[in-house]
Every structure is written in structure tokens, then in C-alpha cells.
Number of protein chains: 2
Amino acid sequence: MAATILLVEDEPGIQELVKFNLAQGGHAVMCADSAEQAVGMVRDTLPDLVLLDWMLPGMSGIELAKKFRADTRMKHVPIIMLTARGDERDKVLGLETGADDYITKPFSPRELSARIKAVLRRRAPQMTEDKVEIRGLSLDPVSHRVTGDGTPVELGPTEFRLLHFMMTHPERVYSRAQLLDHVWGDHVFVEERTVDVHIRRLRLALEPTRHENLIDTVRGAGYRLSTQPA
Amino acid sequence: MAATILLVEDEPGIQELVKFNLAQGGHAVMCADSAEQAVGMVRDTLPDLVLLDWMLPGMSGIELAKKFRADTRMKHVPIIMLTARGDERDKVLGLETGADDYITKPFSPRELSARIKAVLRRRAPQMTEDKVEIRGLSLDPVSHRVTGDGTPVELGPTEFRLLHFMMTHPERVYSRAQLLDHVWGDHVFVEERTVDVHIRRLRLALEPTRHENLIDTVRGAGYRLSTQPA
DNA sequence: CAAGCTTATGACAAAACTGTGACAGCCGAT
DNA sequence: ATCGGCTGTCACAGTTTTGTCATAAGCTTG
């Protein structure tokens with residue numbers, strides 16, 4: 001649960017306070033007072049999480065966030081925005097820009113640590129190069145091979161990435177939008193319904209090995225790869 | 001903005017003072033002079049906020065706070081600690097324990113009401129993604145699964161949100177209007193009676209696992225999810 | 001016990017979602 | 001240039017979910 005966190009905040013008071021609280025929570029904290037400094041530190045140390053103040057001298061928080069999202073290496077670093085209270089517009093902008101969450105000041109330490117925990121947990125299982133196996137269906141990212149109980153399964157590139165993602169994040173519901181982000185890439189302009197179609201193609205491809213109901217439809221929410229047979 | 005506040009404080013002088021100030025702010029105030037009494041009152045009336053003096057005869061403030069956090073029903077009640085001036089150690093302990101904020105004595109009425117306002121303001125969005133379990137009925141927001149004593153329960157999207165909300169706010173009566181706000185969203189135009197129908201559907205869905213009377217009807221007031229079997 | 005309210009139910013029709021099959025555009029291989 | 005594999009979109013069909021009603025029940029009060 002301990003993580004390396006970069007705090008980007010120019011007000012010394014708040015910086016100290018947050019730093020103190022994070023340290024209490026067992027996290028390693030680095031601080032940056034400016035956007036420029038922040039970019040360098042992120043690129044350099046690749047922290048587990050960035051706490052980003054909305055208002056910064058020079059570059060604004062949103063621009064900074066965009067910068068992160070544009071860089072391949074920093075793209076996946078979770079960002080929590082610290083915004084002044086109740087500015088709905090900022091909130092929306094922030095989330096659109098790619099912040100993972102936001103907290104409005106003033107915030108309680110408890111809230112802060114709760115959000116941090118949530119974000120870190122959400123990011124938890126990274127897609128690795130390791131083989132995954134669930135319910136007899138195994139997928140090997142390296143050889144790019146999928147077999148259901150021994151017999152090979154034919155998949156297209158997108159289907160493969162989709163299955164890979166879902167197998168590395170089982171028992172978790174993902175909305176179509178989230179799946180688009182994770183499997184297609186954040187920037188693409190694709191209809192959400194496209195996900196449905198690919199899910200179906202995936203199911204069809206899995207049918208020969210009886211794994212067609214590996215992926216559940218969660219009405220009104222999205223899809224979920226379940227570890228337990230229905 | 002008016003709220004029900006429980007003040008836990010043994011010094012009569014301070015108690016009176018704070019009580020007066022809170023009343024001025026339009027809040028309903030209850031008082032407890034001892035930790036034991038406080039536990040009972042919180043469990044009983046579920047205040048919107050607890051002002052907790054650090055130094056109490058008998059159980060210390062920190063123990064009391066822990067007790068609150070451990071109980072499902074009281075888990076979400078915000079706590080503001082009242083500490084003697086400048087005791088850093090207490091401050092740390094208090095925040096670790098789960099206090100939402102702390103105020104060092106002596107404090108001005110203005111500071112007090114400012115803190116209260118801040119805490120109450122952020123009380124609302126507390127939908128976490130933690131699993132909830134009550135009376136053998138468990139709900140997991142992440143996997144979007146609900147099981148009653150092991151066997152799965154089928155719920156529609158609205159029923160799911162409704163149950164989630166009520167399980168995270170047990171032992172508390174919510175009017176139809178409040179439920180509409182929290183579960184449907186503030187802006188929607190829906191008849192209040194609609195809530196009745198969804199409560200019924202929820203009860204029907206829970207019937208197979210014998211959890212149909214998890215939700216009590218409070219005549220003239222609304223509904224309540226009870227932790228105690230009838 | 002009857003009147004006056006407040007809830008519980010069963011039935012519906014509209015609205016919202018998903019599952020499907022078909023299609024046209026791309027692109028690399030032939 | 002042609003063929004075949006992938007993809008992103010649609011339009012349509014099949015279901016599920018939802019908001020309301022009208023009506024039956026259930027409580028409270030006098």
C-alpha cells in the first residue's frame with residue numbers, strides 16, 4: 001500500500017500539511033513547487049501517483065496533466081487534482097483531461113488517504129508479460145497465443161488485447177468507455193457500441209472451447225470477466 | 001445546512017459555549033458528557049457530525065473514535081476532534097484514527113462553524129468502492145455483484161444503486177425525496193411513489209435469500225435498512 | 001369500527017440496453 | 001489489381017428496466 005507520491009503544490013503551507021499526512025500514511029513523498037520541476041521529476045522517477053494542484057504559477061494544472069498524458073512513459077501515472085472548492089467546470093475539465101480523481105480543498109486527511117487508496121487500488125493489476133490463466137483459458141502475451149483447455153483459439157489483434165486486459169483485471173466491471181481507454185487507447189474516436197461488437201466477436205471466438213460465457217454482461221454498467229462459472 | 005450535531009465534552013463551561021454557538025448556527029445539538037453516553041447516542045440518533053473532545057474521563061477520545069469507525073452504522077459519521085492547544089502527538093493520532101478534522105482549543109466560534117461547514121459539505125460524496133456486508137448480504141461495487149449468504153442476487157441497475165446506497169447508510173431513515181436525490185440524482189423528474197416500487201422490486205429480488213425484510217418501512221417517514229433482524 | 005392516510009402490489013407501455021447480422025473501408029499479402 | 005482478414009458503424013430485433021397508475025391492504029385516530 002505504500003507508494004511513491006509526487007506532490008505538485010506551490011503553497012508551502014498546504015505542501016507541508018499534505019506531506020505530513022502522506023508520510024503518516026507510510027508513503028514516500030516528493031515535492032515540486034512548479035510545473036517545470038514536476039515534469040522533470042515525473043519523467044525521472046516515475047512516481048506511483050501525482051497529486052496535482054490546480055492553480056500553479058506558470059503552467060496551469062490542466063496543461064501539466066495534458067503534458068503527462070501525451071508522453072508515452074508518463075501516460076499511465078495516476079493523477080489526483082487538487083481544486084479550489086466547488087468549481088464544477090474545473091472538475092469536468094480536470095477529469096476530461098485525464099485526471100483520475102479530484103479533491104476539492106479544503107479536504108480532510110481521511111478523504112485524501114481514501115482517494116489515494118482508491119486510485120492506487122484501481123490501478124493495481126498492471127498488464128504484464130506474464131501468462132494468464134482463468135477457468136482453463138490461458139493467454140500468453142509473449143507468444144501471443146490463446147488456448148482454451150489445450151485447443152488453440154484464433155483471435156484478431158483487438159480481440160486479443162481486449163481479452164488480455166480483461167483477464168488481467170477479472171471480477172471487475174468496466175464500462176464501454178473504460179474499455180475503450182484501456183484497450184483501444186485514450187485518444188481514439190470510436191463509438192462506444194463498438195465495444196459490444198468486439199465483445200461479441202470475442203465470445204464467438206471462444207465458443208469452440210466452451211468459454212463463451214467467460215465474459216458477463218452487466219446491464220447498465222458494462223462487461224466483466226468472471227472467474228466463477230455462471 | 002442545518003444539521004444534527006453531537007457534542008461530546010465533559011467540561012460544562014465549554015459544553016455550554018459550544019452548544020450556544022451551534023444553536024446560533026441553526027444546528028440541532030445534543031450533548032454527551034461521557035464516552036459511554038456518546039456511543040449510545042450516536043448509535044441511537046446517528047447525528048450528522050460528532051464534535052469529540054480529546055480528553056474525556058474514562059475512555060479517551062481516540063478510543064471512542066476507533067469504536068465509531070469499527071461499527072458499520074457509525075462508520076460514516078464525520079468526526080471533528082477538539083484538542084488542547086498544540087499537542088502535535090494528539091493531532092497525529094487523531095487523524096490516523098479517522099477524525100475528519102481537528103480544532104485546537106481555544107477556538108473562535110467562527111473557526112468552529114467554518115470547520116463544521118467544510119466537513120458537512122464534503123460529507124455527501126462518500127460512495128466508496130469498498131465491499132459492504134450486512135446480515136450476510138454482501139455487495140461489491142467493483143465486481144457489481146450481490147450475494148445473499150453465498151447465493152447470487154439479480155438486480156437491475158437502479159435496484160443496485162439503491163441497495164448500495166442503503167447499505168452504506170444503514171440504520172438511517174431516508175425519505176423518498178432523499179432517496180431520489182441520492183440514488184436517482186438531484187435533477188431528475190420522477191414521482192416519489194416510484195421509490196416505493198423500486199423498494200418492492202428490491203425486496204422481491206432479495207426474497208430468494210431470505211433478506212426480504214432487510215429494508216424496513218418507516219411509516220410517514222421513509223425507508224431504512226436495518227442491521228438488526230426485526 | 002369507519003374514515004382518512006400511507007404503503008404494497010400487479011399490470012402496463014414507453015424507454016433504454018444489448019445482441020446480431022450485414023456492410024464498406026482499410027491494408028497487407030498475393 | 002485482387003483477395004481476405006480486421007475494424008468501426010449501422011439498423012433492427014429481442015429483452016430488460018423503468019416510471020406510473022389504479023387498486024387492494026394496512027395503520028392510526030377518533
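Since the model is a prediction, treat every value here as computed from it, not as a measurement. Chain identifiers are assigned alphabetically (A, B, ...) following the order of the sequence lines, protein sequences preceding nucleic acid strands; residue numbering begins at 1 within each chain.
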>> If we count only N and O atoms by modelled type, under 3.5 Å, do the side chains of B/Arg172 and B/Ser226 hold a donor and an acceptor together?
In response: no
>> By nearest atom, which of the nucleotides D/dT18, C/dG21, D/dC21 is closest to the A/Arg200 side chain?
In response: C/dG21
> Can you tell me if the side-chain N/O atoms of B/Tyr223 get under 4.0 Å from OP1 or OP2 in C/dA8?
Replying inline: yes
> Could you give the CZ-to-C1' distance, from A/Arg193 to D/dC12, as a whole number of Å?
Replying inline: 11 Å
> According to a strict under-4.0 Å criterion, is A/Thr217 in side-chain N/O contact with OP1 or OP2 of C/dG19?
Replying inline: yes
>> Heavy atoms from C-beta onward define the side chain here; which of D/dG8, D/dG19, D/dT9 lies closest to that of A/Trp184?
In response: D/dG8
> A/Phe160 has an atom CZ; how far is it from atom P of D/dT7, in whole Å?
Replying inline: 12 Å
>> In this structure, how many angstroms lie between the P atom of D/dC10 and the CD atom of A/Glu192, rounded?
In response: 13 Å
> Is the number of heavy atoms from other residues, nucleotides or ligands within 6.0 Å of CD (A/Glu154) greater than 12?
Replying inline: no
> In whole Å, what is the span from the CG atom of B/Leu155 to the P atom of D/dT17?
Replying inline: 10 Å
> Side-chain N or O of B/Arg176 less than 4.0 angstrom from OP1 or OP2 on C/dT7?
Replying inline: yes
>> In this structure, how many angstroms lie between the P atom of C/dT7 and the NE2 atom of B/His198, rounded?
In response: 17 Å
> Do the non-hydrogen side-chain atoms of A/Asp48 and A/Pro78 ever get within less than 4.5 Å of each other?
Replying inline: no
> In this structure, which one of A/Val132, A/Thr147, A/Leu163 forms a side chain to side chain contact (heavy atoms under 4.5 Å, CB included) with A/Leu137?
Replying inline: A/Leu163
>> Measuring from the side chain of B/Pro157 (C-beta onward, heavy atoms only), which nucleotide among C/dA8, D/dT17, C/dT7 has the closest atom?
In response: D/dT17
> C/dA8 P sits how many Å from B/Leu204 CG, rounded?
Replying inline: 12 Å
> Rounding to a whole Å, what distance do you find between A/Arg201:CZ and C/dC23:C1'?
Replying inline: 11 Å
> Of the nucleotides D/dT7, C/dA8, C/dT7, which has the atom closest to the A/Thr158 side chain?
Replying inline: D/dT7
> Expressed in angstrom and rounded to an integer, what is the separation of A/Arg161 atom CZ from D/dG8 atom C1'?
Replying inline: 13 Å
> Given side chains that start at C-beta, do those of B/Ile215 and B/Leu202 come closer than 4.5 Å, heavy atoms only?
Replying inline: yes
> Which word best sums up how the rings of B/His144 and B/Phe160 line up, parallel for under 30°, tilted for 30 to 60°, or perpendicular for over 60°?
Replying inline: parallel
> Could you run down nucleotides 22-30 of chain D 5' to 3' and tag each one B, S or - for protein heavy-atom contact under 4.0 Å?
Replying inline: ----BB---
> Can you tell which of C/dT9, C/dG19, D/dG8 lies closest to the side chain of A/Asp196?
Replying inline: C/dG19
>> Checking side-chain polar atoms at under 3.5 Å, does A/Tyr174 have a donor or acceptor matched by the opposite partner on A/His182?
In response: no
